[in-house]
Amino acid sequence: MKRILIADDHEAVRSGLRAVIEQRADWEVVAEVNDGGKAVAAAIESRPHVAIVDFSMPRMTGVEVARRIRDYPLQTEVLIFTVHNSGLLAQQAFEAGARAFLVKSDANKLLLAAVESLLLHRPFCNRSCSAELDRGPAADGKRHDELTAREQLVVKLVAEGYSNKGISAILNLRVKTTEAHRAAAMRKLEVNSTAGLVRYAVRAGLVEA
């Protein structure tokens, strides 16, 4: 049996993915989780062949999940699943160690093909994703790729409305450390306000508009 992990913070999405996966008699969903931290823990415990991970989840982005899974001695292939057809997101996903990138609107048509590809240890990126990657860097020219995974997570939480104190509690950081990550992200993105961080988070697909 091929073991599949599903990580998404929406129960309806998880149910839909499970229904598609269970079309294959030799595949089984070994874990379903609703945030990034649980995704990493479940991958370590259940050692799935494939992890289907939503890009935008509480506590940890899908990109950071992919990076954490890559850092462990696991054979798990990661598919990043997102509502955003973004070349920036796809590039971040592949650089973090994911081997497949799929837009949620394509799931009914392409999810089985994507998982089959990963089970053969082959990368998967549908045509629209490839076209987005070919467009190159973001039009505004800012070096989004310079953000660390921690800085991206701080920006995501800022965009979700958390204060520096709230972010520190979630990430188990000192407030001064959170402030440093936030300041570094603002400097790299060349923005000088919370609104600027929110605009970036929406454009980059860290949060939904």
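All residue numbers in this chain count up from 1 along the given sequence. Since we're looking at a predicted model, the values are computed, not measured.
- Hydrophobic cluster membership is shared by Met60 and Ile44, with clusters built from Ile, Leu, Val, Met, Phe, Trp and Tyr side chains linked at under 4.5 angstrom.
- Annotation: Asp26, atom CG; neighbour count of heavy atoms from other residues, nucleotides and ligands within 6.0 Å is above 12.
- The shortest side-chain heavy-atom distance between Met186 and Leu197 falls under the 4.5 Å cut-off.
- Closest approach of Ala98 and Ala66 over heavy atoms only: N-CB, 4.1 Å.
- Between Ile4 atom CD1 and Trp27 atom CH2 the span is 6.0 Å, to the nearest 0.5 Å.
- Across all their heavy atoms, Lys156 and Ser56 have their closest contact at NZ-OG, 3.4 Å.
- Using modelled atom types, one side-chain atom of Asp35 and one backbone atom of Lys38 make a donor-acceptor pair closer than 3.5 Å.
- Proximity of Leu111 to Ile52: side-chain heavy atoms (C-beta onward) are separated by under 4.5 Å at one or more points.
- Contact between Val65 and Ala39 at its shortest, heavy atoms only, is CG1-CB, 4.0 Å.
- Dense packing is recorded around CD of Glu22, with more than 12 heavy atoms of other residues, nucleotides or ligands lying under 6.0 Å away.
- The closest side-chain donor-acceptor pair between Thr194 and Arg182 falls under 3.5 angstrom.
- When all heavy atoms of Val154 and His181 are compared, the closest pair comes out as CG2-CB, 3.9 Å.
- To the nearest 0.5 Å, atom CZ of residue Phe101 and atom CG of residue Asp106 are 10.5 Å apart.
- A single hydrophobic cluster is seen to contain both Tyr72 and Val53, as judged by linkage of ILVMFWY side chains at heavy-atom distances under 4.5 Å, directly or through other members.
- Side chain of Thr76 to main chain of Pro48: a donor-acceptor pair is present (N/O by atom type, distance under 3.5 Å, no hydrogens or angles).
- How far CZ of Arg3 is from CD1 of Ile21: 14.0 Å, rounded to the nearest 0.5 Å.
- With hydrogens and angles disregarded, no donor-acceptor distance shorter than 3.5 Å links the side chain of Ser46 to the backbone of Val30.
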Subject >> salt bridge (Lys or Arg N to Asp or Glu O under 4.0 Å) assessment of Lys104 paired with Asp54 >> reply: CA-CA 9 Å; Lys104 291 185 177 182; Asp54 184 21; 3.4 Å; yes
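- Residues Arg18 and Ile6 meet the side-chain proximity criterion, which asks for heavy atoms closer than 4.5 Å.
- The backbone N or O of Glu11 lies less than 3.5 Å from a partner atom in the side chain of Ser15, making a donor-acceptor pair.
- A salt bridge is defined here as a Lys NZ or Arg NE, NH1 or NH2 lying under 4.0 Å from an Asp or Glu carboxylate O, and Glu151 with Lys188 meets this definition.
- In this structure, Leu120 CG and Arg99 CZ are separated by 10.5 Å, a value rounded to the nearest 0.5 Å.
- Shown here are the salt bridge (charged side-chain N to carboxylate O under 4.0 Å, His left out) partners of Arg68, two or more places apart in sequence or in another chain: Glu64.
- At a threshold of 4.5 Å between non-hydrogen side-chain atoms, the residues Leu147 and Tyr200 count as touching.
- Annotation for Arg24 and Leu112: closest pair CG-CD2, 4.1 Å, computed over non-hydrogen atoms.
- Using a 4.5 Å heavy-atom cutoff, the side chains of Phe124 and Leu79 are not in contact.
- Proximity of a side-chain donor or acceptor of Ser168 to a complementary backbone N or O of Asn164 within less than 3.5 Å is detected.
- Other residues, nucleotides and ligands contribute over 12 non-hydrogen atoms within 6.0 Å of the CG atom of Asp71.
- Two different hydrophobic clusters hold Ile69 and Val33 under the rule that ILVMFWY side chains link at heavy-atom gaps under 4.5 Å.
- Taking the side chain as every heavy atom from C-beta outward, Asn34 and Arg14 approach each other to under 4.5 Å.
- Between Phe81 and Phe55 there is no side-chain heavy-atom pair separated by less than 4.5 Å.
- Residues Leu5 and Leu118 do not share a hydrophobic cluster, defined by chaining ILVMFWY side chains whose heavy atoms lie under 4.5 Å apart.
- Closest approach of Ala201 and Val155 over heavy atoms only: CB-CG1, 4.1 Å.
- Annotation: side chain of Gln75 is not in contact with side chain of His49 (no heavy-atom distance under 4.5 Å).
- Judged by distance alone, the side chain of Arg67 and the main-chain N or O of Ala96 form no donor-acceptor pair under 3.5 Å.
- A donor and an acceptor atom, one from each side chain of His121 and Glu77, are located under 3.5 Å apart.
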